[in-house]
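Position 1 is the first residue of the sequence, and the numbers go up from there.
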Amino acid sequence: MQLSVIIVNYNVKHFLEQCLYSVRRATPGLTAEVIVVDNHSEDNSLGYLQPRFPEIQFIVNPENLGFAKACNQGLKLSKGKYILFLNPDTIVPEDCFKKCIDFFESHTDAGALGIKMLDGSGRFLKESKRSFPSPSAALYKLFGLSGLFPRSKVFSKYHLGSLSPDHTHEIDVLAGAFMMVKKEVLEKTGGFDEIFFMYGEDVDLSYRIREAGYKNYYFSGSSIIHFKGESTRKGTLNYIRMFYKAMSIFVRKQYSGSRAWIFNFFVHSAIWFRAMMTAVANFIRRLGLPVVDAGVTLFSFWGVKYFWNEWVRPDVRYDNRLLWTLFPILTVVFLVIAYYAGLYDRYYKRPRLIRSALIATVVLLAGYSLLPEHYRFSRAIILFGSILSFVLIGLLRWIFISTGILSNQREQNEELNTVIVGTAEEYENALHVMKQAGYAERVIGRVAVYDSDNTAMSDWKKLNQLYKDTGFREIIFCIGNLTFKDIAGIIPALPRPVKLKFHTGESLSIVGSDSKNTSGEALSVENGFALSDPYHRRMKRLMDVAVALFGLITFPVQIILVKNPVHFISNCFFVLLGKKTWIGYIPGEKPFPKLRPCVLGCNGVPHSVSNELPGESLKVMNYWYARDYEVMNDLRLIWRRYKQLGG
């Protein structure tokens, strides 16, 4: 057998689907096998993929064993002369494998081979070619000199910036995303060192291949798409911890003496520096943002009060002790309402800010009217304070977005005009996926594959001109009649504002990634589930907490109302702690948005009670529940089945 392709999967089933279809298209003419090792994915990867790829061997791990150990599992079963370790978030061209094998055959000194990698927008990934870590390279990278001088032989040594990405070179380190190695070499060096959980194992194996007397090559004769950042996103504390820990392990293993001490000093300095910067940004994104907004809102109320007192109604004096109590309460109420109106969702959207401010202002004014007379001060202060808060929060959001602390990517995505490149049949398949995902309204037309097709807006060779004429912002490339080799050749020349996505004709998903540092996007039927919407998930959690608190407050009454009051109180605490939800999926296959374990299934039967309905019927009920979710349906079911909440 010529080739064994080993892929480790962890919760990226749609990216893996596109990858496997591209691998299938790249193996005709070769004797090849594909081995997928699943590291305990929770997204129903196996149930989704196994029926679509019966020729592939799947290995299922009961827990996440890490990248290195999973690759070695596949290596033990492999039979190929060449072993390819391939990431699941990649797409390979049709002639990729054959070109790589031909290179090996003509370069007998080659022990392993890496390839030219492009990110999801067609930009070259400098991780495609690297040198071994060194104290100086770490120093230049830590202080940003490698970014300032990307082509310098000195400052950009780690990513070999002085070497052209368009030429083949002998290099030190190959990327684990695409690493083809001779089987005979691995028999001498061994596979990946399992001391590495994730990151660093490719550096270590590259080092051992060089030590065994073989050469590592960066091969520019073909290129792949690598949707960077799917399993562990760059910029997170977890990524920083894992990446630099791997570098530290490599240094201790391969270097000795003062060199190792110096290098480890820089590694740990980098860990603390990057962790501190990331922690500050994460604090603002997750916890600090409401704190900042609270300060802004409180300032707005006091500022308007001062202006109102000094310039509009100087004859009226308000009790400051009363205001010191009421203004913080108004601020908390304002932000809680804004939260449930979507202000703190993952992506900032200006309409959400407007909606949040409007709803919060109306609620505050309504609540003010219910206060006793001696607690009232002025509706105008509440109204204009809310308006000033809205303006200042909007200004801060603009600053945070400009500095990269926040992202409004999703807002931009929802305003995209999309063209689909493919034949009429491929267009219909891709459009069906877009409809299922709830994005069909974005599609403005089809771009033809062949010049002779006059039924489309244009043909794919004239995309730049079409961009000038229509201003589309997104392209979905259908890989089928148009080969990935063709697509890879054109995407570097496309306008940079345009976002790219990819869809193989047989698949049920569309994938893309705009940056190597952020999680990519997969469009599928799952995007059409109401339970995927942050608003519905937020309201479901609010309902869960409200019912749990009601149950605890009225506990004596629950002794009469529920069948098992002790277990009911236990469920209330589990719900409050986020360990359970009152209503959820019926036990069985759940390829739907993830929920906590439930007390009652969506059919009203306690989770602990087995259902006698056929499995397909249960799956349909779960599907309807996820697709059409409304919090009122949960409340109605809780009302009807209240006695069973102690189940």
Do Phe53 and Phe58 have ring centroids that are under 6.0 Å from one another? no

Does the gap between the ring centers of Phe192 and Phe85 come in under 6.0 Å? yes

Do Val37 and Ile7 make a side-chain contact, defined as non-hydrogen atoms from C-beta onward lying under 4.5 Å apart? no

Do Ile35 and Leu75 have side chains that approach each other closer than 4.5 Å (heavy atoms only, starting at C-beta)? no

Would you check if there is a donor-acceptor pair between the side chains of Ser507 and Gln18 at a distance under 3.5 Å? yes

Looking only at side-chain N and O atoms, does Tyr82 offer a donor or acceptor that is under 3.5 Å from a partner on Gln2? no

With salt bridge (Lys or Arg N to Asp or Glu O under 4.0 Å) as the rule and sequence neighbours excluded, what pairs involving residues 160-173 come up? Lys116-Asp166, Glu170-Lys215, Asp172-Arg210

The salt bridge (Lys or Arg N to Asp or Glu O under 4.0 Å) partner of Lys81 among Glu33, Glu184, Glu105 is Glu105

Rounded distance (nearest 0.5 Å) linking atom OG1 of Thr168 with atom NZ of Lys129: 12.0 Å

Check whether Tyr439 forms a cation-pi arrangement with Arg442 (NZ or CZ under 6.0 Å from the six-membered ring centre, at most 45° off the ring normal). yes

Closest heavy-atom contact between Gly111 and Tyr214? CA-CB, 3.7 Å

Take Ser78 and Lys183 through the side chain to side chain contact (heavy atoms under 4.5 Å, CB included) test and state the conclusion after the steps. CA-CA 9 Å; Ser78 63; Lys183 182 70 173 288; 3.5 Å; yes

Tell me if the aromatic rings of His167 and Tyr218 count as close, with their centers under 6.0 Å from one another. no

Working to the nearest 0.5 angstrom, can you tell me the gap between Ser509 OG and Tyr21 OH? 8.5 Å

The test is side chain to side chain donor-acceptor pair (under 3.5 Å); show your working for Thr90 and Asn87 and say whether it passes. CA-CA 6 Å; Thr90 57; Asn87 266 29; over 6 Å; no

Heavy-atom closest pair (Asp453 atom, Thr455 atom, distance to 0.1 Å) is OD1-OG1, 2.6 Å

Got a sec: does the CD of Glu630 have more than 12 other heavy atoms crowding it under 6.0 Å? no

I'd like to know if Glu55 pairs up with Arg24 as an ion pair, taking the criterion as any Lys NZ or Arg NE/NH1/NH2 lying under 4.0 Å from an Asp or Glu carboxylate oxygen. yes

Looking only at side chains, do Asn481 and Tyr450 share a donor and an acceptor under 3.5 Å apart? yes

Nearest atoms (heavy-atom pairs only) where Ala522 meets Phe15: CB-CE1, 4.1 Å

Lys182 side chain near Ile83 side chain, heavy-atom distance below 4.5 Å: no

Consider only side-chain N and O atoms of Asp469 and Gln465, and report whether a donor and an acceptor are under 3.5 Å apart. yes

If I compare all heavy atoms of Ala456 with all of Arg446, which pair ends up nearest, and what's the gap? CB-O, 3.3 Å

For Leu463 and Ser458: C-alpha separation, side-chain torsions, deciding distance, then whether side chain to side chain contact (heavy atoms under 4.5 Å, CB included) applies. CA-CA 8 Å; Leu463 279 169; Ser458 181; over 6 Å; no

Decide yes or no on side chain to side chain contact (heavy atoms under 4.5 Å, CB included) for Phe472 and Ile475, but give the supporting numbers first. CA-CA 8 Å; Phe472 65 81; Ile475 304 173; 3.4 Å; yes

Run the side chain to side chain contact (heavy atoms under 4.5 Å, CB included) test on Ile420 and Val443 for me, step by step, so that the C-alpha distance in whole Å, both residues' side-chain angles and the decisive distance to 0.1 Å come before the verdict. CA-CA 7 Å; Ile420 299 176; Val443 179; 4.0 Å; yes

Any donor-acceptor pair under 3.5 Å linking the side-chain atoms of Asp38 with those of Ser41? yes

Is there a side-chain contact between Tyr585 and Leu531 (heavy atoms, below 4.5 Å)? yes

Quick one: side chains of residues 91-101, donor-acceptor pairs under 3.5 Å with protein atoms, not counting sequence neighbours, listed by atom name and distance.
{"residue": "Glu94", "atom": "OE1", "partner": "Phe484", "partner atom": "N", "Å": "3.2"}
{"residue": "Glu94", "atom": "OE1", "partner": "Lys485", "partner atom": "N", "Å": "3.3"}
{"residue": "Glu94", "atom": "OE2", "partner": "Arg25", "partner atom": "NE", "Å": "3.4"}
{"residue": "Glu94", "atom": "OE2", "partner": "Arg25", "partner atom": "NH2", "Å": "3.3"}
{"residue": "Glu94", "atom": "OE2", "partner": "Phe484", "partner atom": "N", "Å": "2.9"}
{"residue": "Asp95", "atom": "OD2", "partner": "Lys99", "partner atom": "NZ", "Å": "3.4"}
{"residue": "Lys98", "atom": "NZ", "partner": "Asp102", "partner atom": "OD2", "Å": "3.1"}
{"residue": "Lys99", "atom": "NZ", "partner": "Gly221", "partner atom": "O", "Å": "3.2"}

For Ala32 and Met1, work out which heavy atoms get closest and say how close. C-SD, 4.0 Å

Within-4.5 Å side-chain heavy-atom neighbours: Ser524 and Leu508: no

Quick one: pull up CZ in Phe227 and NE2 in His14 and give me the separation to the nearest 0.5 Å. 13.5 Å

Do Arg130 and Asp202 pass the salt bridge (Lys or Arg N to Asp or Glu O under 4.0 Å) test, and can you show the C-alpha distance, the side-chain angles, and the key distance before you say yes or no? CA-CA 11 Å; Arg130 291 175 289 169; Asp202 49 0; 3.0 Å; yes

So, applying side chain to side chain contact (heavy atoms under 4.5 Å, CB included) with Ile225, which one of Val511, Leu500, Ile487, Ile491 is it? Ile491

To the nearest 0.5 Å, atom CE of Met621 lies from atom CD1 of Ile586 at 4.0 Å

If you define the side chain from C-beta out and look only at heavy atoms, does anything of Leu16 sit under 4.5 Å from Val36? yes

I need the Ile490 CD1 to Trp460 CH2 distance, nearest 0.5 Å. 5.0 Å

Please state whether the rings of Tyr217 and Phe103 are parallel, tilted or perpendicular, taking 30° and 60° as the class boundaries. perpendicular

Nearest-0.5 Å distance, CD1 of residue Ile444 to OG1 of residue Thr418: 7.5 Å

Is there a side-chain contact between His503 and Val433 in this structure, where contact means two heavy atoms from C-beta onward sitting under 4.5 Å apart? yes

Please check if atom NE2 in His432 has more than 12 non-hydrogen atoms from other residues, nucleotides or ligands closer than 6.0 Å. no

N-O pairing of Lys126 and Asp119 below 4.0 Å: no

Is there a side-chain contact between Ile171 and Leu174 in this structure, where contact means two heavy atoms from C-beta onward sitting under 4.5 Å apart? yes

